[in-house]
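Input: a single structure, listed below in structure tokens.
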Amino acid sequence: MMGIEMKKVALLATALAMVTTGSAFAADMAVKAKKAPPVVAFDPWDIAFGGAIMSDYIFRGVTQSNHQPSVTAYFEPRYNVTKDLQLYVGVSAESISFANRAAAEVDVYGGIRPTFGAFAFDIGVWGYLYPGGSCADNVLTGGIPGGNVCGVSTTTIFLADGNVMKKDVSFFEVYGKVNYTINDSFTVGATEYYSPNFLNSGAWGNYASLTAKYTAPSTVFGPSGVGMYVSGEFGRQWFGTSDAFYGTGAGTVFANGIPYKDYNTWNIGIGFTYKVFTLDLRYSDTDLNKGDCNAFTSAFNATGTTNVTAINPGGAGSNWCGAAGIAKLSFDLTAMSNLK
């Protein structure tokens, strides 16, 4: 009897051990099954910044620096709502050479960048500020002295070529851009900018363009880390009529304002990249003749008397809208990619 009882106790102990081990194993399986995948850290904030030196500052085919070198820098905080939606604001500055002797161009901008598959959009508002300017009158059309466009003061600038320019030419544009990525090498795009008062001239302005870019394979220069691209743009700038400040004079057809000439502009270039640096070599041009270019730009160094057009009766001509070659060396960084 004692032996039978001992066998029963042993069997019961074995059964309990099996149940306990099985329960523990099952519990462990449940824990493993419910274990969440590792969470990838996502910091929505980022900052882009950079700068450049260029042989000429060209804006839509027109020099902003009298075909002289210019420097620029920018700072752009960004907030990524999702991987497909970015909000941003920014500020940039460029050295310029205008007839009103403005100290610089300061840009303040902001917008959104949504992405839908291969389509990347950019929609926002861009403000162009030109601090430090003085009113520029002329010494050719009479007045007390000059053309009597500006109030005479110690800061008034008198231009010998007959042009005038407002003290403040600041303005803003609303814009929309889209890029479509065909594959790793090819991207095409379109842009649209509109201002109700371009350069504070009184004339509305509308600019639209088509863009294309080819990015060479990363192995094109072997393991050197140097990349290459070729890009181009074709655009058209439309204008309304300026206010009387820029009129061609009493008794003339355009006494109350100039209907600026619309024009086409294009550029094509090749770029080389290495880490955060880019060297861009580009050709830019427009179809504006020297006379209409002078009427639009108010260039302080226009020359001659033979470039007479309907909106440029004085005949002075400007090369600010002609063919130009630009070499630009820039660096671009983002805090999340380059400063970790």
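As the structure is a computational prediction, the values presented were derived from the model and not from experiment.
Take Asp243 and apply the side-chain hydrogen bond (donor to acceptor under 3.5 Å, both in side chains) test, not counting sequence neighbours, and it matches Lys166.
Between Lys177 and Glu233 there is no salt bridge, since no side-chain N of the basic residue sits under 4.0 Å from a carboxylate O of the acidic one. By the 4.0 Å N-to-carboxylate-O rule, Lys328 lies too far from Glu94 to be salt-bridged with it.
Of the inter-residue distances, the one linking Ser318 atom OG with Leu288 atom CG reads 10.0 Å to the nearest 0.5 angstrom. Within the model, atoms OG1 of Thr115 and CG of Asp122 stand 9.5 Å from one another, a figure rounded to the nearest 0.5 Å. Rounded to the nearest 0.5 Å, atoms OH (Tyr263) and CG (Asp287) are 9.5 Å apart.
Side-chain atoms of Asn294 do not come within 3.5 Å of backbone N or O of Lys290 as any donor-acceptor pair. Proximity of a side-chain donor or acceptor of Asp292 to a complementary backbone N or O of Phe296 within less than 3.5 Å is not detected. Under a 3.5 Å cut-off, the side chain of Asp56 and the backbone N or O of Ile326 do not form any donor-acceptor pair. Ser95 places no side-chain N or O within 3.5 Å of a backbone atom of Ser65 that could act as its donor or acceptor partner. The main-chain N or O of Asn197 is found under 3.5 Å from a side-chain atom of Ser195 such that the two form a donor-acceptor pair. In terms of modelled atom types and a separation under 3.5 Å, the side chain of Thr215 and the main chain of Tyr229 share no donor-acceptor contact.
Note on ring orientation: taking the six-membered ring where Trp is involved, the planes of Phe300 and Trp320 are perpendicular (angle over 60°, cut-offs 30° and 60°).
Aromatic pair Tyr109/Tyr175: ring centres not closer than 6.0 Å. Taking the six-membered ring for Trp and the full ring otherwise, Phe171 and Tyr128 have centroids separated by under 6.0 Å.
Counting only N and O atoms by type, the side chains of Ser92 and Asp107 include a donor and acceptor under 3.5 Å apart. Arg282 and Ser231 share a donor-acceptor pair across their side chains, judged by distance under 3.5 Å alone.
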